[in-house]
Student: 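My questions will all concern the structure given below.
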Amino acid sequence: MTGPVRTRFAPSPTGELHIGGLRTALFGWAFVQANGGEFVLRIEDTDRSRYVEGSVENIYEGLRWLGIEWNEGPDVGGPHGPYVQSERLDKYHAVADELRARGRAYRCYCTSERLAQLRKDQQKDGLAPGYDGRCRRLSDDEAEERARSEPFVVRFRMDRTGVTTFPDLIRGDVTFQNSLQDDFVILKTDGFPTYHLAMLVDDHDMEITHVIRAEEWLASGPRHLQLYEAMGWEPPRFAHLPLLVDRDGRKLSKRSGDVAALDYRENGYLPEAMLNFLAFLGWSLDDHTTHITAEEFSRVFTLDRVVPNPAFFDVERLDALNGHYIRALAPEAWCELVAGCLDRDLPAAVPRPLDRDLVTAVAPLLQERVARLGEVAGLVRFFFDLADYPASLLTERINGDTELAARTLDAALAALEGVTPEAWAPEPVEAALRSLQDTLDLKLRKFVSVLYVAIMGAPRGIPLFDSVALLGRDESIARLQAAREKLG
RNA sequence: GGCGCGUUCGUCUAGAGGCCUAGGACACCGCCCUUUCAAGGCGGAGAUCGCGGGUUCGAAUCCCGCACGCGCUACCA
């Protein structure tokens, strides 16, 4: 194999970009970058019944979210276009004709009813389901004659002797008995090719050198190899990536939870976190690296460090990574993100635009407390309206000591009222609140939860002193009083 | 059912005959720090390397068998 490495990502526009597909794309892209080649994006829309409007745009956006770029594709063009299979039908027909001319393919007139019945009978008899080759025996004349009036598919004539062995770049040689293969469809009744034919033609035309796809395709390897052989074309190298599985160990699917790549963006995950997470699903750099950037990944990626076993899509790990990247964000960038999700997630009742100074002041307090952007609004909401809470919450962390809660609130009120409106700022507020340690003769940590609940409605949240300062004197005092009243 | 692939801490993985009394990370537990919660620091627990046979002075690493899991088995990709 000479020339530059060329690989492709070939999704079907049947809905939103699947997170597993994004992982496949990421690995293919990284492989190309690391080897200095070209990455091709191809849309496999040969199943007209499953086409979903908007899918292609969703695929573009999902890939771009992680910074995956393609050198050739439907939108950017390239020397091997078109890059949408429905626009390449003549090429598939030409190859199907050639295969028929070579005696490696034939028209099949069997109805889907007969096929269904055949499958049923085979299963009943404990046989492997598969086409029985009935139309293989049709004479040329008869096949030609019936083609004029009957719908037909074109099947590939599999060589059923011997074995097919091919080297998978990730798991080594894989061998299949050809006797177990059957004549599969390459051209459907509607004139569209099946995946097998389309892939063959396109990968050859587009000079793909490495096919990097998920393991679910491994079993169709013999079909593809025989197809290449029948056309006399050199097959590309194959690498079947381990599947991404859910908690039950099954291939990730809708019932596994969020499976649409962009849903993760919606749910507050940073692209650098998702890329880092995906990169280590089935691949590793060494015995200690756990963080990696797109730049490094695309420089050091090699297929020989991809493992063959399936990987559990563990969202807890994703969360940890996301928190890591949030903390690594520049303060200004973080502030922008906070402003964005506050604007989006805060209740509609909160008037917009939001107080920019407040947002700027609050953002730093959130940065190391949040793993997902979705948590932001919940931590900040109390600035705008305090949800009602039960009185018991005030004493939840002080062993239900109502008397201590009352003393704390009374002392806090007195201390804060001592801070004049003019002097109201973080430092004086902190000093006032810290003075409670002397007043109550207790460590701050012993009673501060009462104040958290009074101010935020929860015994935990962002730093208290800053929050009280930001909330303002009147509102803070009002909340402390309200809390005091709850205690009776 | 058939075929294929897979099987190292709960999870993702390191490991390519002796460096392994199996390493790292997430999660978990404890301590420290501390303005709650986090973050951070330190420490801990956690894998007889699916099981059983071999080969070898020596096996997580090589070979065979078994078990289990998953994938495929469409005129879907």
Side-chain angles (χ1 to χ4, degrees), chain A residues 10-14 21 44-47 49-50 108 110-112 115-116 119 122-131 151-155 168 170-171 174-177 180-182 184-190 192-196 198-199 213-222 240 242-243 245 247-251 277 280-291 305 307-314 316-321 323-324 327 365-371 379 397 430 433-434 443-445 448-453 456 458-467:
Chain A
S12 296
T14 54
E44 310 223 323
D45 60 343
T46 56
D47 185 347
S49 67
R50 293 209 305 156
C108 170
C110 293
T111 61
S112 41
L115 260 19
R119 223 175 346 255
Q122 287 167 328
Q123 269 162 6
K124 196 182 66 193
D125 298 342
L127 298 169
Y131 184 60
F152 60 85
V153 299
V154 175
R155 287 180 185 274
D168 177 77
I170 291 166
R171 58 209 87 219
V174 184
T175 300
F176 297 82
Q177 292 292 328
L180 269 10
Q181 300 290 329
D182 72 337
F184 58 96
V185 174
I186 56 176
L187 222 45
K188 300 183 260 189
T189 309
D190 64 5
F192 275 64
T194 58
Y195 169 81
H196 310 293
M199 175 225 72
R213 65 206 335 182
E215 193 191 333
E216 55 197 329
W217 291 109
L218 189 58
S220 50
H240 292 92
L243 255 23
V245 300
R247 212 167 276 289
D248 300 323
R250 292 172 187 279
K251 188 167 75 166
F277 176 61
F280 287 104
L281 250 26
W283 176 86
S284 65
L285 178 59
D286 49 39
D287 65 349
H288 64 276
T289 302
T290 54
H291 291 138
R305 289 203 61 85
V307 294
N309 45 299
F312 171 52
F313 191 88
D314 186 357
E316 279 195 351
R317 275 165 61 75
L318 212 206
D319 284 345
L321 247 11
H324 170 85
R327 274 169 256 130
L365 308 179
L366 291 162
Q367 196 159 8
E368 57 185 31
R369 298 185 158 66
V370 159
L379 286 167
R397 296 207 179 179
E430 174 169 358
L433 257 15
R434 280 192 187 282
K443 287 286 193 187
L444 197 53
R445 55 190 300 110
V448 76
S449 70
V450 178
L451 302 177
Y452 267 91
V453 174
M456 307 179 187
R460 38 164 302 185
I462 59 178
L464 182 68
F465 306 147
D466 294 285
S467 296

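Letters A, B, ... mirror the listed sequences (proteins, then strands); counts begin at 1. Keep in mind the model is a prediction, meaning the values are calculated, not measured. Every heavy atom of this structure was used, including side-chain atoms; hydrogens, water molecules and symmetry mates were not.
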Student: Grab the two heavy atoms, one from Pro459(A) and one from Arg397(A), that are nearest each other, plus how far apart they are.
Tutor: CB-NE, 3.7 Å

Student: Please produce a list of atom pairs where a protein N or O lies less than 3.5 Å from an N or O of nucleotides 72-74 of chain B.
Tutor:
| unit_1 | atom_1 | unit_2 | atom_2 | d |
| --- | --- | --- | --- | --- |
| C72(B) | OP1 | Lys251(A) | NZ | 2.6 |

Student: Return no unless some side-chain N or O of Thr46(A) is found under 4.0 Å from OP1 or OP2 of A77(B).
Tutor: yes

Student: Using a heavy-atom cut-off of 4.0 Å across all strands, would you classify Ser449(A) as base, sugar-phosphate, or nothing?
Tutor: nothing

Student: For Phe277(A) and C12(B), give me the distance from atom CZ to atom P, rounded to whole Å.
Tutor: 10 Å

Student: Tell me which nucleotide, if any, is Watson-Crick or G-U wobble paired with C31(B) when both distances must be under 3.5 Å.
Tutor: G41(B)

Student: Could you check how far CG of Leu285(A) sits from P of G24(B), rounded to whole Å?
Tutor: 17 Å

Student: Any chance you could measure Trp217(A), atom CH2, to His196(A), atom NE2, to the nearest 0.5 Å?
Tutor: 6.5 Å

Student: From CG of Asp168(A) over to P of G71(B), roughly how many Å is that when rounded to an integer?
Tutor: 18 Å

Student: Ignoring hydrogens, what is the shortest heavy-atom contact between Leu218(A) and His240(A)? Give both atom names and the distance.
Tutor: CD1-ND1, 3.2 Å

Student: Distance between the C1' atoms of G43(B) and U56(B), in whole angstroms?
Tutor: 40 Å

Student: Taking OP1 and OP2 of C12(B), is either one under 4.0 Å from a side-chain nitrogen or oxygen of Asn309(A)?
Tutor: no

Student: Would you mind checking if Asp47(A) and Arg50(A) are paired as a salt bridge, meaning a charged N to carboxylate O distance below 4.0 Å?
Tutor: yes

Student: Using atom P of each nucleotide, how far apart are U13(B) and U8(B) to the nearest Å?
Tutor: 9 Å

Student: Hey, which sits more toward the 5' end of RNA chain B by its nearest nucleotide, Leu318(A) or Glu368(A)?
Tutor: Leu318(A)

Student: Pick base, sugar-phosphate or nothing for Thr175(A), based on heavy-atom distances below 4.0 Å to the nucleic acid.
Tutor: sugar-phosphate

Student: Under 4.0 Å between a side-chain N/O of Ser284(A) and OP1 or OP2 of A14(B), yes or no?
Tutor: yes

Student: Go through G4(B), U7(B), A39(B) for me and flag the one nearest to the Pro308(A) side chain.
Tutor: U7(B)

Student: With a 3.5 Å distance limit and no angle check, can you tell me whether Arg305(A) reaches the backbone of Ser284(A) through a side-chain donor-acceptor pair?
Tutor: yes

Student: Between C76(B), A14(B), C70(B), spot the one nearest the side chain of Arg305(A), thanks.
Tutor: A14(B)

Student: So what's C26(B) paired with, Watson-Crick or G-U wobble, going by both distances under 3.5 Å?
Tutor: G10(B)

Student: Once hydrogens and angles are ignored, does a donor-acceptor distance under 3.5 Å link the base of U36(B) to the side chain of Arg369(A)?
Tutor: yes

Student: Go through C12(B), G24(B), A77(B) for me and flag the one nearest to the Tyr195(A) side chain.
Tutor: A77(B)

Student: Can you tell me if Glu44(A) uses its side chain to pair, donor with acceptor, with the backbone of Tyr195(A) under 3.5 Å?
Tutor: no

Student: Once you round to the nearest 0.5 Å, how far does CD of Glu430(A) lie from CG of Leu464(A)?
Tutor: 9.5 Å

Student: How many whole angstroms separate atom CD1 of Ile170(A) from atom P of G6(B)?
Tutor: 11 Å

Student: State the CG-OG1 distance between Leu321(A) and Thr290(A), to the nearest 0.5 angstrom.
Tutor: 7.5 Å

Student: Considering only atom P, compute the distance from G53(B) to G58(B) and round it to an integer number of Å.
Tutor: 15 Å

Student: Using whole Å, report how far CE of Met456(A) lies from C1' of U36(B).
Tutor: 8 Å

Student: Could you please name the option among A14(B), A25(B), G40(B) that lies closest to any side-chain atom of Arg317(A)?
Tutor: A25(B)

Student: Name the nucleic acid region contacted by Asp319(A), choosing base, sugar-phosphate or nothing; use a 4.0 angstrom heavy-atom cut-off, strictly under.
Tutor: nothing

Student: What integer distance in Å separates Glu215(A):CD from A77(B):C1'?
Tutor: 16 Å

Student: Look at all strands and tell whether Val307(A) reaches a base, only sugar-phosphate, or nothing, counting heavy atoms closer than 4.0 Å.
Tutor: sugar-phosphate

Student: Would you compute the distance between atom CE of Met199(A) and atom CD1 of Ile186(A) and round it to the nearest 0.5 angstrom?
Tutor: 11.5 Å

Student: Partner lookup for U73(B), please. Criteria are Watson-Crick or G-U wobble with both distances under 3.5 angstrom; report none if nothing qualifies.
Tutor: G1(B)

Student: Take atom P in C31(B) and the same atom in A38(B), then report the distance between them in whole Å.
Tutor: 13 Å

Student: Within the 4.5 Å heavy-atom criterion, are Phe184(A) and Ser220(A) side-chain neighbours or not?
Tutor: no

Student: May I ask you to say what Pro193(A) touches in the nucleic acid, namely base, sugar-phosphate or nothing, with a heavy-atom cut-off under 4.0 Å?
Tutor: sugar-phosphate

Student: Counting only side-chain nitrogens and oxygens, does Lys124(A) get under 4.0 Å of the OP1 or OP2 atom of G1(B)?
Tutor: no

Student: Thr194(A) side chain to Val185(A) main-chain N or O, any donor-acceptor pair under 3.5 Å?
Tutor: yes

Student: Between atom CZ in Phe280(A) and atom P in A27(B), what is the gap in whole Å?
Tutor: 16 Å

Student: Treating Asp190(A) as the side-chain partner and Phe192(A) as the backbone partner, does any N or O pair qualify as donor plus acceptor under 3.5 Å?
Tutor: yes

Student: Spell out protein contact along nucleotides 63-69 of chain B as letters: B when the base is contacted, S when just the sugar-phosphate is, - when no protein heavy atom is under 4.0 Å; keep the 5' to 3' order.
Tutor: -------

Student: Between A16(B) and G23(B), how far apart are the C1' atoms? Round to whole Å, please.
Tutor: 16 Å

Student: In whole angstrom, give me the gap between the P atoms of C9(B) and G24(B).
Tutor: 16 Å

Student: Would you mind reading off the distance between Phe312(A) atom CZ and U8(B) atom C1', rounded to a whole angstrom?
Tutor: 18 Å

Student: Taking the P atom of each, how far is A59(B) from G54(B), in whole Å?
Tutor: 12 Å

Student: Look through every strand shown and name the nucleotide pairing with G58(B) as Watson-Crick or G-U wobble, where both distances are under 3.5 Å.
Tutor: none

Student: CZ of Arg327(A): more than 12 outside heavy atoms within 6.0 angstrom?
Tutor: yes

Student: I need the minimum non-hydrogen distance between Ala371(A) and Asp319(A), along with the two atoms involved.
Tutor: CB-O, 3.8 Å

Student: For the residue pair Phe313(A) and Phe277(A), categorise the inter-ring angle as parallel (less than 30°), tilted (30 to 60°) or perpendicular (more than 60°).
Tutor: perpendicular

Student: Looking only at atom P, what distance separates U55(B) and C63(B), rounded to whole Å?
Tutor: 15 Å

Student: With a 3.5 angstrom cut-off on both distances, give the Watson-Crick or G-U wobble partner of C66(B), or none if there isn't one.
Tutor: G50(B)

Student: Under 3.5 Å, which protein N or O atoms sit close to an N or O of nucleotides 30-35 of chain B? Give each pair with its distance.
Tutor:
| unit_1 | atom_1 | unit_2 | atom_2 | d |
| --- | --- | --- | --- | --- |
| U34(B) | N3 | Arg445(A) | NH1 | 3.2 |
| U34(B) | O4 | Arg445(A) | NH1 | 3.4 |
| U35(B) | OP1 | Arg434(A) | NH1 | 2.8 |
| U35(B) | OP1 | Arg434(A) | NH2 | 2.6 |
| U35(B) | O2 | Tyr452(A) | OH | 2.9 |
| U35(B) | O2 | Leu464(A) | N | 3.0 |

